[in-house]
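Read through the structure below, which is laid out as structure tokens, and then see the notes.
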Amino acid sequence: QVQLVESGGGLVQAGASLRLSCAASGRTFSNYVMGWFRQAPGKEREFVAAISWSGGKTLYADSVKGRFTISRDNAKNTVALQMNSLKPEDTAVYYCAAQSKGLGYVPFDYWGQGTQVTVSS
């Protein structure tokens, strides 16, 4: 089992930046691909970004490419999502997730409780 706890959400104006963090505990953190997902009101949960075990490879949704950056610190068992140039359409609950199958568009097995990000226009 992997336990994930997100932090760093909040209310910001369009154009601002936020940094989300996710702390992991349980199994060996470096064995897991880490990802961020989000779910806006009335919409399905969508993929945002993922990072490989070592941190050397990343994937991004087209909607956030160039604005968001995912990173990880295996020594601290944390993964972060730096969000710049935020838009109102980025408003959602953001979830940290983990899976051990490898980097790609595959189901994630473990999820955090989510943190709210609200971007006002």
side-chain contact (heavy atoms from CB on, under 4.5 Å) between Val12 and Met83, intermediate numbers included: CA-CA 11 Å; Val12 297; Met83 305 185 294; over 6 Å; no
Residue pair Val119, Glu89: steps toward the side-chain contact (heavy atoms from CB on, under 4.5 Å) verdict: CA-CA 8 Å; Val119 184; Glu89 50 264 43; over 6 Å; no
Verdict with supporting geometry, Ile70 and Tyr60, side-chain contact (heavy atoms from CB on, under 4.5 Å): CA-CA 9 Å; Ile70 188 170; Tyr60 294 96; 3.5 Å; yes
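Rounded to the nearest 0.5 angstrom, Thr115 OG1 and Leu81 CG are separated by 11.0 Å. Note: Gln1 CD to Ser25 OG = 10.5 Å, rounded to the nearest 0.5 Å. If you take CG on Leu20 and CZ on Phe68, they are separated by 8.0 Å, rounding to the nearest 0.5 Å. Atoms CG and OG, on Asp73 and Ser30 in that order, are 11.5 Å from each other to the nearest 0.5 Å. Rounded to the nearest 0.5 angstrom, Thr118 OG1 and Gln13 CD are separated by 13.0 Å. For the atom pair CD (Glu44) and CZ (Arg38), the distance works out to 14.5 Å, reported to the nearest 0.5 Å.
Within the 4.5 Å cutoff, the side chain of Leu103 has no heavy atoms near those of the Trp53 side chain. For the pair Glu6/Gln113, a side-chain contact is recorded, criterion being any heavy-atom separation below 4.5 Å from C-beta on. Between Ser17 and Gln82 there is a side-chain heavy-atom pair separated by less than 4.5 Å. In this structure, Tyr105 and Leu59 have side chains that are in contact, with non-hydrogen atoms separated by less than 4.5 Å. Asp90 places none of its side-chain heavy atoms less than 4.5 Å from the side chain of Val117. A heavy-atom distance below 4.5 Å is not found between the side chains of Asn31 and Ser100. Contact of the Lys87 side chain with the Ser63 side chain is not registered, since no non-hydrogen atoms from C-beta on lie closer than 4.5 Å. Inter-residue side-chain proximity for Trp36 and Ile51 is flagged as unmet; no heavy-atom pair is nearer than 4.5 Å.
Under a 4.0 Å N-O distance rule, the pair Asp62/Lys65 qualifies as a salt bridge.
The two atoms that bring Met34 and Cys96 nearest to each other are CE-SG, 3.7 Å, heavy atoms only. Residues Val79 and Ser71 approach most closely at CG2-O, 3.1 Å, considering heavy atoms. Among all heavy-atom pairs drawn from Ala14 and Pro88, the shortest one is CB-CD, 4.1 Å. Of all heavy-atom pairs between Ala50 and Val33, the closest is CB-CG1, 4.4 Å. Residues Ala24 and Leu4 come closest through the heavy atom pair CB-CD2, 3.6 Å.
Remark: Arg27 is not positioned above the aromatic ring of Tyr110, lacking an NZ or CZ atom under 6.0 angstrom from the ring centre and at most 45 degrees off the axis.
Crowding of Lys101 atom NZ: a count of heavy atoms from other residues, nucleotides or ligands under 6.0 Å exceeding 12.
Within the 3.5 Å criterion, the main-chain N or O of Ser52 finds a donor-acceptor partner in the side chain of Arg72.
By the rule that hydrophobic residues join a cluster once side-chain heavy atoms approach within less than 4.5 Å of another member, Tyr32 and Phe108 end up as members of separate clusters.
Under the ring-ring contact (aromatic ring centres under 6.0 Å, His included) test applied with Phe37, the options Trp111, Tyr95, Tyr94 reduce to a single match, Trp111.
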